[in-house]
Amino acid sequence: MHRYDAAEIEPKWQRVWDEEGLYRASDDPGDPRPRFYALDMFPYPSGDLHMGHAEAFSGGDVIARFRWMQGHDVLHPIGWDSFGLNAENAAIKRGIHPKEWTYANIEQQAASFKRMGMSFDWTRRLHSSDPEYYRWTQWLFLKLFEMGLAYRKNAPVNWCPNDQTVLANEQVINGCCERCGTPVVRKDLTQWFFKITHYAQRLLDDVGTLEEWPERVITMQRNWIGRSEGATVRFRVDETDDEVEVFTTRPDTLWGVTFFVFAPEHPLVPSLAGAGGASREAREMLDRLQSTPLTNREQAESREGVRLGVHVVNPVNGERVPTFVAPYVLMEYGTGAVMGVPAHDQRDFEFAREHGLDVRVVIQPPGEDRDPATMTEAHGHEGVMVNSGPFDGEPSPASIGAVAEWLGEQGLGEPAVTYRLRDWLISRQRYWGAPIPIIHCEDHGEVPVPVADLPVELPEDVDFQPGGESPLARHDRFVKTTCPRCGRDARRDTDTMDTFVDSSWYFFRYCSPGYEDGPFRREDVERWPVSQYTGGVEHAILHLLYARFFTKVLHDAGMVPFLEPFPRLMNQGQVIYDGASMSKTKGNLVMPMPIIERWGADTMRLIMLFAGPFEDDIDWKLIAGDPDRRPGVHHWLGRVFAAVGEAAERGGEEPSELVRLTHRTIEGVTDDLERFRFNVAISKLMVLTNEMRAALDAGGAARGAAEALTQMLAPFAPFAAEELWREVLGHADSVHVSRWPTFDEALAAEDTVTLVIQVDGKVRDKVEVPADADEARCLGLARASEKVGRAIAGREVVKEIVRAPKLVNLVTR
RNA sequence: GCGAGAGUGGCGGAACCCGGCAGACGCGCCGGAUUUAGGAUCCGGUGCCCGAAAGGGCGUGGGAGUUCGAAUCUCCCCUCUCGCACCA
């Protein structure tokens, strides 16, 4: 009798696996096995692993183990995204060094991963905060710099007053810092950017080719890139002769312009306000608008605005229209100025009504008579252009392109495409990140650190309290250097890189661990394209967009052979509690390690994987029940032990029913694993267990079922399966290097099936029939059924549908 | 507002891809057995309604459609979740 005792078997096998060195990807390019690169999003080392890690990595591990058993050469690496603000803030709070905090957490997480039975190739482990890693992050920065894709400019940036750092647009959520929730303010700073906008169109085009990505992630990427087609049009300021450009998606409404609006930050605004002799009140309001943080404005829905007192001339009809400054126009999008077409744009309409401006209809649907005096909202779409000079009578919106082209011919503008995507701001004025490898020389400007001098190491003796400039700026020995070109005194750049830079290429480094002559070898990356990327949907935009951008850049640099890094993406759901995210502050935090200590790692893995579809959220409150009560999956493992144990000791021929079910289960589970349907696969293994139990209780043998069950259990519950395979079933080698069972169609085939007999589509009877029963036989049985006879009594059967051997449907009148 | 996805027992969910026994599997609950006891184990039951039972009726958010037959395909509506949101 074999009792299931996780506490005994799990540490034992963990040791053995370590010694045996399982799970190493081959370094041999001639290895004939098919390769499978199972990539999990590398964790951020804040504290111990949480439930989200437990779920995501359990799923990723099932896939990796499944592929191993299918005979693949599997690369299943692990590393840590170990730079970043969290470490720095936590370290400040605790009065210790970020490095100390970070590496202590990494060690804890690594130990937890081993305890969970993760099949990582530990020899390829990396940490983005190691000099040997960020050396190459810096190298890649220089590559982008060399390619003209990294540049510095003075720009208004999003500044978090709490974290004392700049944030990327992507890190501002509803006007607040993504990290701490503090409202973000505007500030002008000189910052480093990566020219991701240069790749906007390619990022957009190629995202559509990712057929194995979740649709919603593709949509989110598309929306983020935000391509709009239309035209730019040049207006002239009548009083000053300044030229000002606008972007519009609706050039067909140009004849309906009745006013013109600038964003408060627009560079022309100060001089135009002067030229227009704006009133004191107007100037005060202007000041207020210009100093209001961008974010507060975003939330405002007011249609306030200030009249500038100057006019612009509409190039298509020569009309003079008044100009305004209004917060509803954003400097960040388009050109920072818009033409006001109140009849056909809702925002412009509201603005016009607020300020008593004309509304002129220039698109009129046939049979309708839109009257500016009585309109209560703007009309956008279908109709015929009117009051539109040469375009009168043309259809809209079909004429948008024609108008744009006409503008070009007339020299008034041109067709244009605009993206919402901004360049990627990568400078951070914080300590715990990769230093930007640039030296500022008075004579030579921005000079790259020579590759031989990389890494620019992060000094440890730094006062890293945030103070509005980079902590590195206060470290004289770091800052003072000499120019690599002229040898004279120069200053190092003191900003560090956004951690998203680190995570944009780590999956390449796994392919060439320890490589000394570059970030990775092209042939290694070519040999190990990512087969499956698994991670949280919270990275649906930023990380994935940046990693895609990097891949394209490196492709263009000739360093990688493909254009997209992750052909297959799977997002696991979140682990939540009672409908809300778990957090320490809410007091609803459940951690995986206590569960592992109490019930074992296999149970924790099975709880996660059996709870529901992998991509759906798991609400711990709904699935967990009493924490002291034995989890259902633990109970099941006990039943598996009992059944496999008995089967191992008993000889004889297996009941054909059980053989059949075994093969059907192999077929089903294999398919489920290909499709991430872990919960369904586990339920099938449970069914097989129940059937084994019944066969054993009836005195039958079950050895074949026991072997197959143990093997199929291995990806989910690696410890229990190993114990059964080696100790109970008596195999010498690990179950994890055994070959995945194959299914035999002949053995899986049923010899009898259930014939369902319907009358008018309702099930009236069921009969067991031979699998090869023909139509006549089925129909005869249906006709002979007493229940069917009762159901059709007194009625005429007008049609007989027969799908032998499974179904007969008698249709009556 | 725009976009995406989802609505099935007391609960998590299966069947949806490819129309054919709805509710697999598990949790919970009910009954029984065993046990000093148990949050342990084993056996049986468990969609709802009527009925002692046999049996019957109803049933996959609502409504229509296609079909011999719809949880599944099509259309409309409702609800919820997620993402984006003054993007000119």
Side-chain angles (χ1 to χ4, degrees), chain A residues 174 214-224 226-228 230 246-250 253 261 263 297-303 326-330 332-341 344-348 350-351 418-421 537-538 540-541 573-574 579 606-607 610-613 615-633 635-636 638-639 642 675 677 679-690 693 697 753-766 787 790 797-803 806-812:
Chain A
N174 285 332
E215 195 55 43
R216 62 178 168 153
V217 176
I218 291 175
T219 305
M220 284 161 81
Q221 294 246 324
R222 282 205 179 109
N223 290 345
W224 193 262
R227 179 192 156 100
S228 295
V246 296
F247 172 76
T248 176
T249 54
R250 296 302 304 271
T253 64
V261 191
R297 267 198 281 124
E298 272 177 358
Q299 287 157 337
E301 298 203 346
S302 83
R303 291 289 100 117
Y328 84 89
V329 177
L330 307 175
E332 294 74 32
Y333 186 77
T335 63
V338 302
M339 59 190 212
V341 185
H344 305 292
D345 181 281
Q346 186 59 24
R347 295 155 302 177
D348 294 348
E350 289 164 15
F351 191 81
T418 294
Y419 301 90
R420 204 188 79 116
L421 184 69
V537 73
E538 66 271 20
I541 300 174
Q574 313 271 89
L606 287 168
I607 287 173
F610 187 57
E615 58 270 46
D616 288 3
D617 287 351
I618 294 176
D619 195 325
W620 192 259
K621 190 184 182 193
L622 297 181
I623 65 147
D626 185 342
D628 282 333
R629 197 150 171 162
R630 187 175 185 193
V633 290
H635 182 203
W636 172 54
R639 286 167 55 80
R675 296 158 64 187
R677 292 154 44 90
N679 57 327
V680 184
I682 292 167
S683 77
K684 286 174 182 152
L685 297 180
M686 288 173 169
V687 171
L688 182 58
T689 310
N690 295 344
R693 181 76 264 155
D697 288 347
V753 297
T754 305
L755 174 67
V756 174
I757 305 166
Q758 300 177 333
V759 176
D760 296 325
K762 287 184 179 170
V763 179
R764 292 298 170 180
D765 204 358
K766 300 171 192 178
K787 288 175 185 167
R790 240 180 301 153
V797 176
V798 294
K799 197 165 183 184
E800 295 160 336
I801 314 284
V802 184
R803 298 278 179 274
K806 291 167 82 167
L807 178 115
V808 172
N809 187 15
L810 302 179
V811 185
T812 68

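All values reported here derive from a predicted model rather than from experimental measurement. Reminder, nothing fancy here: chain letters follow the sequence lines and each chain counts from 1.
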- Message: Can you measure A:Leu421 atom CG to B:C84 atom P for me and round it to whole angstrom units?
- Response: 15 Å

- Task: Using the C1' atom as the reference point in each nucleotide, state the distance between B:G44 and B:G56 in Å, no decimals.
- Result: 25 Å

- When both distances are under 3.5 Å in a Watson-Crick or G-U wobble arrangement, the nucleotide paired with B:C58 is B:G47

- Message: Please confirm whether the shortest side-chain N or O distance from A:Lys762 to OP1 or OP2 of B:G20 is below 4.0 Å.
- Response: no

- Message: Does A:Gly226 reach a base, just sugar-phosphate, or nothing at all? Heavy atoms under 4.0 Å.
- Response: nothing

- Annotated protein contacts, base or backbone, on nucleotides 9-19 of chain B with a non-hydrogen cut-off under 4.0 Å, one of B, S, - each: ---BSSS-B--

- Item | Touch class at under 4.0 angstrom, heavy-atom based, for A:Gln758 against every strand present | base

- Do the charged groups of A:Arg347 and A:Asp345 touch, with an N to O distance under 4.0 Å? yes

- Query: How far does the P atom of B:G51 sit from the matching atom of B:C42, given to the nearest Å?
  - Reply: 37 Å

- Nearest-Å distance once atom P is located in both B:G62 and B:C11: 16 Å

- Message: Heavy-atom nearest nucleotide on RNA chain B for A:Ile801 versus A:Val687: which residue maps closer to 5'?
- Response: A:Val687

- Are OP1 or OP2 of B:C87 and a side-chain N or O of A:Thr418 less than 4.0 angstrom apart? no

- Under 3.5 Å side-chain donor-acceptor pair for A:Asn690 and A:Arg639: yes

- For A:Thr248, which contact category applies under a 4.0 Å heavy-atom criterion: base, sugar-phosphate, or nothing? sugar-phosphate

- Message: Tell me whether the side-chain N or O atoms of A:Lys799 pair up with the base of B:C68 as donor and acceptor below 3.5 Å, since no angle test is needed here.
- Response: no

- For B:C75, give its Watson-Crick or G-U wobble partner with both distances under 3.5 Å, or none. B:G63

- Item | Most 5' of A:Asp348 and A:Lys787 on RNA chain B, judged by nearest nucleotide | A:Lys787

- Task: Check whether the side chain of A:Asn809 and the base of B:C68 form a donor-acceptor pair under 3.5 Å.
- Result: yes

- Assign a letter to each nucleotide of nucleotides 34-43 of chain B from its 5' end: B, base within under 4.0 Å of a protein heavy atom; S, sugar-phosphate only; -, no contact. -----BSSS-

- Determine which nucleotide pairs with B:C42, using a 3.5 Å limit on both distances of a Watson-Crick or G-U wobble pair. B:G32

- Message: Let's test this: given Watson-Crick or G-U wobble pairing with both distances under 3.5 Å, identify the partner of B:G69.
- Response: none

- Message: Regarding A:Val811, tell me which of base, sugar-phosphate or nothing describes its non-hydrogen contacts under 4.0 Å with the strands shown.
- Response: sugar-phosphate

- May I ask which nucleotide in the shown strands pairs with B:A15, Watson-Crick or G-U wobble, both distances under 3.5 Å? none

- Message: When you measure from the side chain of A:Asp617 to the backbone of A:Gly573, do you find a donor-acceptor pair of N or O atoms at a distance under 3.5 Å?
- Response: no

- From B:A88, B:A22, B:G26, nucleotide with atom closest to A:Met686 side chain: B:G26

- Query: Should B:G26 be called syn or anti, with syn set as within 90° of 0?
  - Reply: anti

- For B:U74 versus B:C25, give the span between their P atoms, rounded off to a whole number of Å. 30 Å

- Message: Taking pairing as Watson-Crick or G-U wobble with both contacts under 3.5 Å, can you name the mate of B:G10, or confirm there isn't one?
- Response: B:C27

- Query: At under 4.0 Å between heavy atoms, what does A:Asp619 touch on the DNA or RNA strands: base, sugar-phosphate, or nothing?
  - Reply: nothing

- Item | Nucleotide forming a Watson-Crick or wobble pair with B:G5, both distances under 3.5 Å | B:C80

- Has the side chain of A:Gln346 got a donor or acceptor atom sitting under 3.5 Å from an opposite partner on the base of B:G1? no

- Task: Spell out yes or no: do the side chain of A:Arg803 and the base of B:G20 have one donor N/O and one acceptor N/O closer than 3.5 Å?
- Result: yes

- Could you label the plane-to-plane angle of the A:Phe351 and A:Tyr328 rings as parallel, tilted or perpendicular, counting under 30° as parallel and over 60° as perpendicular? tilted

